[in-house]
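Hydrogens, waters and symmetry mates play no part in the numbers below; they use all other heavy atoms, side chains included. As the structure is a computational prediction, the values presented were derived from the model and not from experiment.
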Amino acid sequence: MALNEEDTKLTQLEFACSDLKTLLQTSSKMEESLGKMDKKFDLLDETLSTASRRVSPLQSLAMATKALDTRINRAVTPALALLESFKVTDSLQLKLLELSSILSAETTPKKRLKKLLNYVDCVNQLNSAINSISQEGEPVIQKLQEVVEFFSRTKATDQDRTHRLRETLFTLKALYENEVDAIKFDGLLDEALLNLQDEYESILQLLRHQNIGDQVQVDDKEAEIVASDLGTELEVEVLRRISETLAANECLDICIDIYAKVRYRRAAKALMRLNPDYLRTYKPEEINAIERETLETAISLWIQHLELAVKTVLVSEKKLCNQVLGNIMDGVVWPQCFVKIADKIMAVFFRFGEGVARGSKEPHKLFKLLDMFDSLEKLKPEFSDTFEGEAGADICARFRKLTKLLVHGSSKVFWEFGLQIEGNSDAYPPSQYSSVPKLVRYAINYLKYLTTDTYRARMAMVLWTEQMWKVGILSKPETDENLLQEAITNVMDALHRNIETKRLSYRDKILPHVFAMNTYWYIYMRTRNTELGKLLGDQYMKNKYKVVAEESAYMYQKQSWGQLVKLLDKEDLKRQSKEGLGILARAKMEAFLKGFDEISQRHRGSYRIPDMDLREQIKESTIKLVVPVYTEFLNTLSAVLRGKLYVNPDQLQELLGQIFDGSDAKLKRRDSKDQMVGGNSVSVEGEIMDFHRSRSISSNV
């Protein structure tokens, strides 16, 4: 059993030994094969190295060829595109000629405008093509020149190819340098731009302001002032496109000059239809020489025409200018162009207004100066909107200057009016009559007109504005109403001093009282229940004028009729004998009748009382003063007055009535059968000065 196991192991060892021998033999063969393979790899490596050394120049040559091809393409491709641009330019020029012929043949306005848009489009395309050539030409030529220089320097290609490239370079360069400028400045593009300028001017000429005259005030009724559009949408579109085309072709200055020149003429012609011939006179000395009515008419027209110019003509021009030139240079150009148009027009209006404001300071000019000031105040919002921004700064500054001149002029006229009133008393000798002086009539009517609703607020605004300029905006000036009240009170005080000066200059003792009574009563009655009276105050008017008039009336009666009544005093008759009583009584009666005749004559001459109500009051008061005393004297002394007939009390009352009614009340002595009759009537001055037609103070007084 053990023997068998050993045999088996021995057999296995033998098999293992045999396998090892076989493995060793195989390894030996493999090693021999690997040796042979190494020899083959060495041979192959040597062969590849040789081949690599032979192929390397060819590879470098291929890479150089590819780089050269890229360089050539980089220069030639833009050159081909440039040549294509030249072809496009030629085709656009032909198209432009064709459109020009079509445009010339078209006569229908609307169709012509549409064809003109096509013409503008073609001009824009041609300009774009030429600009493309101008921008791309130099870089293309530069690249082509670099390639030629490279080939010449490196001999990278044959001489024929280098020569052809050089000739192409010279041809393209000459074409660019000569043709581009010719096409741009001396060719069809230049002619087209000239044609567009003519078309531009023609269309601008066609846009007119309509119905300007219809918006002027008629019969003192204000018509609504509304700006109208200039041109149709198509016309505006064509103008806008032409403006942009001209600006894109370095013709912006020409475009603006054409626009400003044409539109100024159109705006000026529109305003000339209003016949503003008065604007030709604008120097202060020339304006002072114009007749008053003519100047007032001119100022009224100036107010209407200025409003019309700003609210219609210039607003329409501004809108059109924005529509046509608004897209150029981001909207910077059109305000300046509009101001060029407006500046010439506004300058004409401004210089006339400044001439009026700087002219003579006659009192009657105040109301027209206030009208001008009020018109500027009302126009200020529209004016600021129309001339907003930096471009309109100069026009707005001149507007403010004119406003300032009108404020100063109005104030100066008013203050000088008061000074003229006060200084007028020394210029003329006193009148021999007791009627109200023309100066007083003028001044009261002047101030009454100034305090009407039309001018009260305007004058107050002028006074307030001037005070604000003097004391500064940080101060607290008086209200408009207080300033006006104070100013008018000063004038009334000056008038009062003038009256008192005249009153003291009379030599007659009674006449100054009649004069003062008439004058102060006139002032009080003409201002009572008026805006002037309300402004000054009822208490002021009563204390200043009514009371003085009543005091003067009292003094008049006391020194005239009172002295006459004293002649009939009976106190000294009580001490007389019967015979002496008759003589003294007849003497008193004779003195009374003589004095009555003298007073009657003076009333017919200088002691006149124009105011009917005042005259009636004085007549009644005089009758109550004289007739009772006369009646008592006549009745008491009738016994000693026999033998001579005297006027009875009823006749005396009638005679007194005739005196104050303006009739001849001269006493005549007749016998008992005669009657006392009145003579011809005497006219009484009742003139009330028409304020609007009155001349200046210096010419009237």
Side-chain angles (χ1 to χ4, degrees), residues 85-135 175 178-208 230-267 269 317 320-329 333-334 336-338 340-341:
S85 296
F86 275 108
K87 290 181 181 180
V88 172
T89 301
D90 289 339
S91 65
L92 288 173
Q93 291 185 88
L94 294 174
K95 182 180 179 181
L96 196 61
L97 289 172
E98 181 182 355
L99 289 174
S100 180
S101 300
I102 295 173
L103 186 62
S104 300
E106 186 59 64
T107 57
T108 306
K110 190 172 183 179
K111 291 182 179 180
R112 196 172 191 281
L113 289 173
K114 291 181 178 180
K115 287 181 170 56
L116 187 57
L117 284 176
N118 296 332
Y119 187 79
V120 173
D121 288 337
C122 187
V123 172
N124 290 335
Q125 292 173 8
L126 178 60
N127 181 55
S128 298
I130 294 174
N131 288 337
S132 177
I133 293 173
S134 300
Q135 294 172 3
L175 181 64
N178 298 326
E179 292 297 325
V180 171
D181 289 343
I183 293 172
K184 191 169 185 178
F185 300 110
D186 298 320
L188 289 177
L189 179 61
D190 186 63
E191 292 182 10
L193 293 174
L194 293 175
N195 290 336
L196 287 180
Q197 292 172 22
D198 294 338
E199 295 288 345
Y200 190 64
E201 184 172 355
S202 299
I203 298 173
L204 287 172
Q205 286 278 10
L206 294 175
L207 306 185
R208 302 182 180 183
L230 296 173
T232 63
E233 291 184 4
L234 183 58
E235 288 172 331
V236 172
E237 176 66 14
V238 171
L239 289 171
R240 182 185 65 79
R241 296 280 294 279
I242 293 177
S243 299
E244 293 172 356
T245 298
L246 292 176
N249 285 274
E250 301 179 0
C251 297
L252 179 59
D253 291 342
I254 297 174
C255 173
I256 293 176
D257 288 342
I258 293 173
Y259 188 96
K261 177 186 69 175
V262 175
R263 292 317 307 167
Y264 165 71
R265 289 178 179 174
R266 272 291 156 219
K269 283 184 178 180
E317 290 293 344
L320 178 65
C321 194
N322 186 16
Q323 290 173 329
V324 174
L325 303 174
N327 294 336
I328 299 175
M329 295 181 63
V333 172
W334 77 267
Q336 299 175 356
C337 183
F338 166 67
K340 281 187 177 181
I341 299 168

Spacing of SG belonging to Cys251 relative to CG belonging to Asp190, to within rounding of 0.5 Å: 8.0 Å
Is the shortest heavy-atom distance from the side chain of Tyr119 to the side chain of Thr245 under 4.5 Å? no
Charged N-O contact under 4.0 Å between Lys261 and Glu201: yes
Heavy-atom closest pair (Val324 atom, Ser243 atom, distance to 0.1 Å) is CG1-OG, 3.1 Å
State the CD1-CD distance between Ile242 and Glu199, to the nearest 0.5 angstrom. 6.5 Å
For the residue pair Arg266 and Leu204, establish whether any side-chain heavy-atom pair is separated by less than 4.5 Å. no
Got Leu246 and Ile258 here, is their nearest side-chain heavy-atom distance under 4.5 Å? no
Output all residues satisfying salt bridge (Lys or Arg N to Asp or Glu O under 4.0 Å) with Lys95, sequence neighbours left out; order by chain, then residue number. none
Set of side chain to side chain contact (heavy atoms under 4.5 Å, CB included) partners for Leu117, sequence neighbours left out: Leu234, Glu237, Val238, Arg241
Going from CZ on Arg112 to CG on Leu103, what distance comes out if it is rounded to the nearest 0.5 angstrom? 4.5 Å
I'd like to check the salt bridge (Lys or Arg N to Asp or Glu O under 4.0 Å) partners of Lys115; sequence neighbours left out, ordered by chain and number. Glu106
Contact check, side chains of Leu325 and Cys255, non-hydrogen atoms, under 4.5 Å: yes
Euclidean distance, Arg208 CZ relative to Leu206 CG, rounded to 0.5 Å: 7.5 Å
Within a strict 4.5 Å, meaning less than it, do heavy atoms of the Leu207 and Val262 side chains meet? no
Atom CD1 in Ile328, atom CZ in Arg240: separation rounded to 0.5 Å? 9.5 Å
d(Leu193 CG, Asp198 CG) to nearest 0.5 Å is 11.0 Å
Under 3.5 Å, side chain of Tyr259 to main-chain N/O of Cys321, donor-acceptor pair present? yes
Test item: Ile256 and Gln336 side chains (from C-beta on) under 4.5 Å apart, heavy atoms: no
